[in-house]
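Just so it is clear: chains get the letters A, B, ... in the order the sequence lines come, proteins before strands, and each one is counted from 1. For clarity, every value in this text was computed on a predicted model and none was experimentally measured.
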Amino acid sequence: MHLSGLVQLWLLGSLMLTWPVSGLIRMHPESTGTSAETDHGHHNSSVEEVPIVTFKWPHVKTPYLITLWIFVAFLGKMVIEANHHVTSVIPESALLICFGFILGGMIWGADKKQTFTLTPEVFFLYLLPQVILDAGYTMPNKLFFTNLGAILIYAIIGTCWNAASVGLSLWGCHEGGAMGDIEIGLLQYLLFGSLIAAVDPVAVLAVFEQVHVNEVLFIMVFGESLLNDGVTVVLFNVFDAFVSLGGPKINAAEIVKGIVSFFVVAFGGSLLGMVFGLLISLLTRCTKNIKIIEPGFIFVLGYLSYLTAEMLSLSAILSIVFCGVCCQKYINANMDENSVNTVRYAMKVLANGSETIIFVFLGISAIDKEIWVWNTGFILLTLLFIIIYRIIGVFFLTWILNKFRLVPVSFIDQVIMSYGGLRGAVAYGLAVMLDESKIKEKNLMISTTLIVVYFTVIFQGITMKPLVRWLKVRRANTSELTLIEKVQNKVFDHMLVAIEDISGQIGHNYMRDKWKHFEDKWMTNVLMKPSARKVRDQVFKVFHRLNLKDAVSYVAEGERRGSLEFVRNETAIVDFKKKIGEDFTEVMPDIMADTSSDYDAMTDMRRDPVPSVSLEIHEQGMKGVRETEDVNTHHLLQQHLYKSRKQHRHRYSRSHFHVNEDEKEVQEIFQRTMRNRLESFKSAKMGVAPPKTISKHQKKDQQQQQKMANGKQLDKSKTYNSGDEDFEFSEGDSATGFEASGTSSPWRVTYRAGAGIENPAFMPDMDLTDPLQVPPWLADTELDSSSSMVAPSQRAQVRLPWTPSNLRRLAPLRISTRSTDSFMMADREATQPRNEDDERFPPPPPPPPAPHRDEGHM
Amino acid sequence: MGSSSSSSYMRNIPQAQVLIHETGFSAAHLLRLYERFQFLDKGSTGELRAQDFTAIPSLALNPIGDRIIGSFFPPGQEKLDFPSFVRIMAHFRPTDPNRSRDGTQLEPVNSRNKKLRFAFQLYDQNGDGNISRAELLQVLRAMLGVQVPEEQLQSIAERAIQEADLDKDNVISFDEFRKSLEKVNIDQLMSIRFLK
């Protein structure tokens with residue numbers, strides 16, 4: 001019945017879309033013409049002098065006022081949030097409303113009437129969409145869909161129950177004469193009941209976000225509030241139509257139409273939202289080249305879904321909710337990480353901002369003498385009924401639901417659910433939308449709605465926290481991200497499916513599994529980029545995120561200690577050193593004993609910025625370090641982040657994944673690191689350390705370059721340079737080295753990090769110790785060919801850093817007990833080879849790489 | 001629930017009363033499970049073998065299906081009779097909210113602890129009471145081997161062990177396993193609704 005109309009509307013809609021655009025284009029020259037004319041006229045009228053500035057208030061009035069209001073609302077929020085001891089008792093939403101009271105009072109004082117109120121148009125078209133979109137977009141999908149049945153029942157049946165019971169009871173009381181002389185009929189009461197029935201997502205979110213109840217309870221209350229907004233708007237429209245139709249004309253057919261329209265509007269809206277969600281997902285597949293405006297698509301299309309639904313008189317709220325819910329998974333996978341973050345933050349800014357404005361204006365709207373009509377009976381009875389019927393509805397529906405739920409909703413949770421029935425701006429917006437010509441007591445309804453909103457938001461909002469505490473409601477777990485949990489969750493999923501299979505029933509898990517298969521097979525293939533499909537595994541994502549976190553805290557720790565020397569020197573090669581240390585303990589335990597005394601000296605020296613040896617040079621070096629520290633930190637962080645992402649990308653294309661080459665490079669790194677350590681130790685011991693470029697390493701450099709040329713793409717010429725600079729240990733270049741290697745491949749990070757010890761103060765000076773100019777590693781192979789020395793390098797290489805796992809060595813930073821340990825150990829072990837080196841020259845550094853031997857490793 | 005029509009059928013079920021008492025299944029549950037058991041028991045031998053399980057088509061697709069099947073059979077045993085079957089299935093019963101039934105002696109089989117035990121032994125294939133890195137890696141490989149290359153898997157396993165390994169012996173003992181999942185709502189994640 002509606003369908004033909006819908007089609008026409010569609011056509012009309014598309015026409016409407018094209019018309020204003022063309023109109024705008026046509027309008028443009030005209031408008032500029034007119035403005036030029038007026039300018040002209042203006043100049044003509046006041047030719048006497050050229051105005052330096054003019055005051056053009058009317059020109060900017062509207063946007064100026066809007067911006068100013070937003071600014072004021074934000075300022076209010078800022079002030080409120082600054083007082084933690086207040087917000088911990090009174091929820092922010094209540095405070096914002098009170099702030100609105102004050103502002104409203106000021107306006108009233110100035111204008112003697114309320115100039116600014118929240119109009120339904122502004123609220124529904126400009127303030128609400130982003131709040132709902134944000135809610136949908138950040139919806140915990142799995143939780144939402146697992147509890148979808150319960151949520152739908154609360155949202156649909158619960159809301160209808162609330163509307164009907166409140167409306168009918170009020171009518172009954174009216175008939176009983178409790179309200180005195182007011183002109184409200186049964187239909188109007190039902191209309192009022194439907195607008196006051198819905199729990200408001202904005203208000204609920206504002207309160208529940210602060211109390212941290214367990215997630216099932218949260219998703220129930222929140223999901224219900226989101227969906228029942230849609231339901232209540234639909235109900236409202238149906239009853240509104242009934243009211244305008246008038247009592248006598250309503251027959252069974254009209255009622256059936258009303259019910260049908262209810263379902264068409266609600267499900268049509270949801271469906272439309274899903275279509276838009278899928279559309280966004282599809283679009284983000286192709287936005288590779290316009291990363292900058294990629295996030296814009298989500299907002300624009302999300303808003304379009306809202307407006308389209310509104311245009312088709314479908315449920316706009318449901319539309320935008322499901323749009324957000326459907327697209328989140330795919331767009332998060334398809335888009336660049338930066339874009340995802342942009343969407344996330346921009347969404348929060350918009351939603352939080354408009355939430356603030358909504359509450360402030362809810363407060364302001366109250367200060368208006370015209371709307372206040374007091375009717376004690378009506379207002380108090382409404383308050384009483386909405387609370388009572390909410391409680392009854394929740395308990396009754398939960399009682400039914402609990403028969404079917406795996407984990408029943410506990411009694412305490414039910415209490416909180418009933419008590420969490422906060423009303424908000426949606427009810428107010430609907431009340432203002434009432435048609436005064438049809439409903440005589442519109443103002444009474446508005447003021448009642450306002451009172452209900454204030455009561456629920458302020459009173460229930462304030463008491464919610466103590467109640468939650470007093471009832472000992474199960475709180476949300478602080479969800480520390482752990483890998484083992486993720487793995488385990490996956491195991492649980494598989495296990496439950498298997499058990500359902502074995503027990504031969506088609507249960508919840510079975511359905512989920514089937515859906516997942518379907519999704520894997522069709523949805524993701526169509527909606528996700530092929531590259532994104534491969535890495536969307538949950539466990540891996542968590543792993544990746546943990547690594548990122550580590551990288552950040554790693555650098556932060558370095559900064560906290562005041563010097564990034566810490567970052568560059570110590571932890572970066574903890575793994576190697578540990579390995580060496582272990583092996584050395586096995587091989588030559590006597591040296592271990594010898595190192596103990598030197599250990600202190602070494603650490604002292606490292607911690608003291610001006611050690612006793614080689615004073616000036618060290619100072620010089622420290623200066624250089626300090627100067628470039630900021631830059632270095634930045635780059636180090638960048639590199640860490642870059643690396644794992646790079647690694648990420650690496651894995652997409654299996655054809656480019658060459659483990660063996662990486663391994664060679666890794667050996668290279670390892671070897672260099674060890675040599676550097678030995679050399680620096682030596683020079684420190686000798687107390688003579690002329691900072692020079694080391695000519696004898698040229699050969700090595702060339703070797704290195706060749707290897708890199710083999711292993712890397714040829715476009716890395718920059719990288720080569722940085723490699724050289726690093727290698728020559730010239731003072732100023734450490735920063736540039738970092739910069740240049742910003743583009744380099746993952747393993748280089750470690751190389752840089754390891755090479756951080758090339759502190760100019762520890763300039764190796766081989767000329768003194770080694771007149772033959774035989775590089776130590778060569779000397780070593782000649783002198784000491786014992787295979788036992790090969791072990792450390794090989795063993796270390798097994799876990800060398802070309803996978804994100806090398807960030808694992810940062811783990812000690814997270815686990816505080818461990819951190820000191822491993823650093824200390826690192827210190828101690830680091831000294832061992834040096835000491836040995838000290839004992840008997842030439843040193844036995846790690847031997848050269850043995851690529852043939854290592855081939856079998858991976 | 002064991003209505004008169006099915007009570008005759010109930011008598012065929014071995015140790016029905018004991019099982020009801022022990023596992024908390026209702027008679028209707030038990031009946032249903034018994035029907036399923038007989039359905040799976042292709043040879044009507046009164047005992048299930050591993051291949052009876054693998055004959056379930058969707059179970060064969062389950063990446064850790066063989067482990068789950070394996071956990072039905074205690075080491076050394078190749079056959080599974082109905083009581084043992086029920087006892088294992090009882091692990092997945094949701095915990096009773098008002099557990100008061102004679103609540104004295106042994107903890108019910110669907111307690112959190114028992115559920116965790118079941119999950120733990122899925123990893124611990126050699127039964128030494130510890131999850132080693134290799135064992136974890138096997139599970140990981142089974143679950144996401146296709147998507148994630150081996151090196152990544154290794155580092156994930158490494159990291160997961162590190163997270164849970166409190167006494168730093170490089171394996172996860174049951175206590176550590178339990179600790180690491182302390183915040184997880186096992187009841188919800190390891191229960192299914194058994195149809196009546």
Interatomic spacing from CD1 in I64(B) to CZ in F492(A) - rounded to 0.5 Å
10.0 Å
Quick one: what part of L122(B) sits under 4.5 Å from any heavy atom of chain A, side chain, backbone, both or neither?
side chain
Which atoms of F37(B) come close to chain A, meaning under 4.5 Å heavy atom to heavy atom: side chain ones, backbone ones, both, or neither?
neither
Considering only heavy atoms, which portion of F39(B) lies under 4.5 Å from any heavy atom of chain A: side chain, backbone, both, or neither?
neither
Mind checking the CZ-CE spacing from F92(B) to M495(A)? Nearest 0.5 Å is all I need.
4.5 Å
Check whether I69(B) gets within reach of chain A through its side chain, its backbone, both or neither, counting any heavy atom under 4.5 Å.
neither
Ranking R36(B), H91(B), M89(B) by heavy-atom pairs under 4.5 Å to chain A gives rank one to R36(B)
For V491(A) and V139(B), which heavy atoms make the closest approach, and how far apart are they?
CG2-CG1, 4.1 Å
Looking at W399(A), I'd like to know if its CH2 atom is crowded, meaning that more than 12 non-hydrogen atoms belonging to other residues, nucleotides or ligands lie closer than 6.0 Å.
no
